[in-house]
Structure formats: structure tokens, C-alpha cells
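One structure is given below, encoded as C-alpha cells.
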Amino acid sequence: MSGDPQQTLGALLAGLEVRERQIAVEAEAAQEQTLQLTALLDGLAQAAEHIAITRKTLLELTDEAPLAPAAYQQIMAVFAEADAPLRARNVCESMDLNLAPNNINNVRIKLKRLTRRGILAETEPGLFTRPRPQSPGIQP
């Protein structure tokens, strides 16, 4: 290697200075990206929290707990075997429940809830059945 060692050292130091500036620019860009991603994460966390609060509020407003599987399964089993619409009293009888007014009212409430959810249909006040599937092309 021939040449002036001062010139070689100067070129090396100049190259290091250029690289140092490049690293500083990249670090600044990475810092900006970090700030943007942190803001995005904060926004997503806040949106998730709002959704959870909305869900909780809606459940409280409807005052409807999720359907209790056993009771509703028993009711649907009764309707699966029925060949005609049923009243709450008929459902109680089929479920071997005591025909006390409290039991009949509780079953009626469940039948109304199933109706609101489209699982049953109330053909006339107090008379419930499974909805009939509609034929395609036939509008009600």
C-alpha cells in the first residue's frame, strides 16, 4: 500500500462521518415510525375498550342474559315434537313442570325471547310455533 497515511486516515474518517450521519437519519426515521406505531396501538386499544363498554351497556339495556342452554333446549325439544302451535301452559305440561302461574309465566317469557330472536313465531297472542321456512320467490 502506497500513499500518504494522513490522506488514507482522512478518507477513512470522512467515510465514518458520512456513515454516522446516515445512521442518525435512519435512527430518526425509526423513532418517527415508533411514535406512529405507538399512536396506532393506543388508538386500537381505545377502540377495543369502547367496543367492550358498548357491548356491556347493550347487554344491560336489553336486560337479557344469554339463553340458558338447558331450559331453552328443553323448550325447543317440545316444539320439535309438536305438530301444532303451543301455549306456555302446554309447554310446561310437556316439560313436566308444575302448572303454577310462576312456572307458566317464566316459560312464556322464554317463549317471547325466542320469538324476538326469530327462533319461534307467535302466530297469535300467546300461541307459539316454529317458523315455517319461506319458499324462495314467495314474498310474505
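Between G118 and P131, the shortest heavy-atom distance links the atoms O-CG, 3.8 Å.
Note that CZ of R113 and CZ of R108 are 14.0 Å apart. Values are rounded to the nearest 0.5 Å. Atoms OG1 and CG, on T8 and L13 in that order, are 11.0 Å from each other to the nearest 0.5 Å. Atoms CZ and CG, on F128 and L120 in that order, are 8.0 Å from each other to the nearest 0.5 Å. Rounding to the nearest 0.5 angstrom, the gap separating the CD1 atom in I119 from the CG atom in L111 is 11.0 Å.
Every pair passing side-chain hydrogen bond (donor to acceptor under 3.5 Å, both in side chains) that includes a residue from residues 121-131 is listed here, sequence neighbours excluded: K112-E122. Sorted by first and then second residue, the salt bridge (Lys or Arg N to Asp or Glu O under 4.0 Å) pairs involving residues 20-33 (not counting sequence neighbours) are E17-R21, R19-E26.
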Sequence neighbours left out, cut at 3.5 Å: what donor-acceptor pairs do the side chains of residues 77-88 make with other protein atoms?
residue : atom : partner : partner atom : Å
R87     : NH1  : P125    : O            : 3.4
R87     : NH1  : G126    : O            : 3.4

Run the side-chain donor-acceptor check on residues 93-102: report pairs under 3.5 Å with partners two or more places apart or on a different chain.
residue : atom : partner : partner atom : Å
S94     : OG   : N90     : O            : 3.1
N98     : OD1  : A100    : N            : 3.4

Return a table of donor-acceptor pairs under 3.5 angstrom between the side chains of residues 42-52 and protein atoms on other chains or two or more places apart.
none

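For N106, the side chain to side chain donor-acceptor pair (under 3.5 Å) test picks out no residue, with sequence neighbours left out.
I104 is not connected to V91 by any chain of hydrophobic side-chain contacts under 4.5 Å among Ile, Leu, Val, Met, Phe, Trp and Tyr, and they are in different clusters.
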